[in-house]
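Worksheet for the structure shown next.
Lettering follows sequence order; numbering is per chain, from 1. None of the values given here were measured: they were computed from a predicted structure.
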Amino acid sequence: MPRRRRHSPDTVARMRQELLGWYHRNKRDLPWRRTTDPYAIWVSEIMLQQTRVAAVIDRYTAFLQYFPDIQSLAKAHEQDVLALWSGLGYYRRARMLHKAAQSVVSDHNGVMPTTAEGLRSLPGIGSYTAAAIASIAHNEPIAVIDGNVERVLSRIQGWHSHDTISEAAVRRKVDDFAQTLIDPRHPGDYNQAIMELGATICTPRNPQCLVCPWARECHTLGEHRTPKRAAMTTREIACALITRETESRTEILLEQRAAANTVMPGLWELPSIELTKSLKTAHVFTVRHAIMQVNYIVHVYSLPTESISSSAARCNWISADRASSMALTGLARKILTKAHVIPSRSRHQLPHPPSRE
DNA sequence: GATTCGTGGTC
DNA sequence: TGACCAAGAAT
C-alpha cells in the first residue's frame with residue numbers, strides 16, 4: 001500500500017515559489033555567488049564543508065587569487081596548497097582537492113566532469129558536493145542534502161528517529177522529500193535557497209519561525225532533536241618558542257609533522273617538549289586550543305636551542321616573514337601571533353602568496 | 001554504521 | 001563560559 005502523499009503538486013509548486021521568492025529578497029552577497037565557473041564553485045563547496053561561511057570568504061578569495069584555475073592548482077606544490085588552507089582545518093580536504101585537480105588534468109583532459117555522477121568519482125567529492133556543483137554550475141536537477149536541508153525538512157515533517165524508525169530511514173525520507181521539492185527549472189538557486197533558509201532562519205537554536213517562508217507548511221515550528229555529544233577532555237601540553245637573530249631577520253625554530261601522522265600531516269608547528277621538563281623561569285604564556293574532543297592547555301616556553309634533543313630531526317630555522325605564509329597548524333599560528341613573531345591576519349589582508357626557495 | 005578529521009564564532 | 005556546532009567525506 002503506497003504511503004500517503006503529504007504534499008500535492010500544487011503544494012510543492014507553492015513551496016518552491018515561496019522559498020525562491022524569499023531567497024531572491026534575502027540572499028547574502030557571497031563571492032561564490034558571483035561566478036558560474038565550476039572550478040570556483042568547487043573550491044567554495046570544499047571549503048564550506050563543516051566550516052562557517054564567515055571563515056571561508058577571505059580564504060576562498062585568496063585561494064582563487066593564487067590558484068585561479070585547475071591547471072595552476074594541479075601543478076602547485078602540496079605545501080603551498082596547505083599554506084593557503086592553514087587555519088581552516090580538515091586539511092585532508094586541501095590534499096584531496098589538490099589530487100582531484102591533478103586527476104582532472106591527467107585523466108579528464110583538464111575538464112571537470114559536468115554531472116553529479118561524474119563529479120562523485122573525484123577525491124573529496126561526496127554526494128553533497130557532487131550535487132551542489134552539478135546543480136549550481138550545470139543546472140542538473142539533483143537535490144543537495146546537507147545539515148541544513150536535513151534539519152529544515154525534518155522539522156517541516158516532524159520526522160525523527162525513534163524505536164521503530166532508524167536514522168537511516170529518516171535520512172531516506174528526507175532524500176525523497178528533497179528530490180520531490182527541488183525546482184527543476186532553478187535547481188542551483190533552489191538548493192542554495194534551502195541551505196540559506198537553514199543557515200539564517202531555520203537555525204538549530206532559536207529558529208525564526210515568524211519570518212519563515214515555509215512556516216505555513218511546517219508541522220513542528222522548530223522542533224529538533226540532536227544526539228548528545230561526547231564530553232570534552234582536557235590535556236596539558238608544552239611547546240618551545242625558540243628564536244634567533246641573524247644580521248637582517250628573526251628566525252623561529254619550527255617542526256614539520258610527519259607525513260604518516262593521521263592528524264595534520266605535513267603541517268608545521270612549534271617543537272613539542274615534555275611538560276615535566278619545562279622550566280618555570282622560561283615560561284612565556286599559556287593558550288587554550290580545542291581540537292576535536294580535546295581541550296588543550298598549551299604552555300609555551302622560551303628555551304635555548306640545546307634543549308631540543310634527538311627528536312629535532314624535523315626542525316628547521318624559518319624566517320618570521322616566511323613562517324606566516326607557511327602551512328602552520330591553527331595552534332602554531334595562534335601562538336606565533338600572540339608572541340608577535342608573525343602579524344595577526346587582518347580581515348582584509350589576504351594570506352601571503354606561497355613562497356618557496 | 002560508527003569514527004575521525006580542525007577551527008573559531010556564538011549564546 | 002564552555003558546550004555547541006558549520007554548505008561532509010573517507011574509512
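Using a 4.0 Å heavy-atom distance criterion, A:Ala54 is classed as making no nucleic acid contact. Using a 4.0 Å heavy-atom criterion, one finds that A:Trp85 contacts no nucleic acid atom at all. Contact annotation for A:Arg257: no contact, since no heavy-atom pair falls under 4.0 Å across all strands. Residue A:Ile145 is out of contact with every strand shown, counting any heavy-atom pair closer than 4.0 Å. At the heavy-atom level, A:Thr329 lies under 4.0 Å from the strands shown only through sugar-phosphate atoms. The residue A:Ala290 sits close to a base: some heavy atom pair falls under 4.0 Å. A:Arg171 comes within 4.0 angstrom of no nucleic acid atom, judged by non-hydrogen atoms across all strands. Contacts of A:Met47 with the nucleic acid, taken as non-hydrogen atoms under 4.0 Å apart, are absent. Heavy atoms of A:Ile46 sit nowhere under 4.0 angstrom from any nucleic acid atom.
Here, B:dG8 and C:dA10 have their P atoms 24 Å apart, quoted to the whole Å. Nucleotides C:dA7 and B:dT4 are separated by 23 Å at their P atoms, to the nearest Å.
For B:dT7, the OP1/OP2 oxygens have a side-chain nitrogen or oxygen of A:Tyr91 closer than 4.0 Å. Here A:Thr51 does not reach the OP1 or OP2 of B:dT7: none of its side-chain N or O atoms lies under 4.0 Å away. Here A:Thr262 reaches the OP1 or OP2 of B:dC5: one of its side-chain N or O atoms lies under 4.0 Å away. Under 4.0 angstrom from either OP1 or OP2 of B:dG6 there lies no side-chain N or O belonging to A:Arg59.
Using a 4.5 Å heavy-atom cutoff, the side chains of A:Leu64 and A:Tyr39 are in contact. Side chains of A:Leu181 and A:Leu153 form a contact here, defined as non-hydrogen atoms less than 4.5 Å apart.
If you take OG1 on A:Thr233 and OH on A:Tyr296, they are separated by 7.5 Å, rounding to the nearest 0.5 Å. Within the model, atoms NE2 of A:His224 and OG1 of A:Thr203 stand 10.5 Å from one another, a figure rounded to the nearest 0.5 Å.
For A:Gln79 and A:Trp268, the side-chain atoms include at least one donor-acceptor pair closer than 3.5 Å.
With distances taken from any side-chain atom of A:Tyr128 to the nucleotides C:dA7, B:dC5, C:dA10, the minimum falls on C:dA7.
Every residue meeting the salt bridge (Lys or Arg N to Asp or Glu O under 4.0 Å) condition with A:Glu18, not counting sequence neighbours, appears here in chain and number order: A:Arg14, A:Arg216.
The neighbour count for A:Asp107 CG, taken as heavy atoms of other residues, nucleotides or ligands under 6.0 Å away, is above 12.
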Is there any protein nitrogen or oxygen under 3.5 Å from a nitrogen or oxygen in nucleotides 1-5 of chain C, and what are the pairs?
residue, atom, partner, partner atom, Å
C:dC5, OP2, A:Arg229, NE, 3.3
C:dC5, O2, A:Arg52, NH2, 3.1

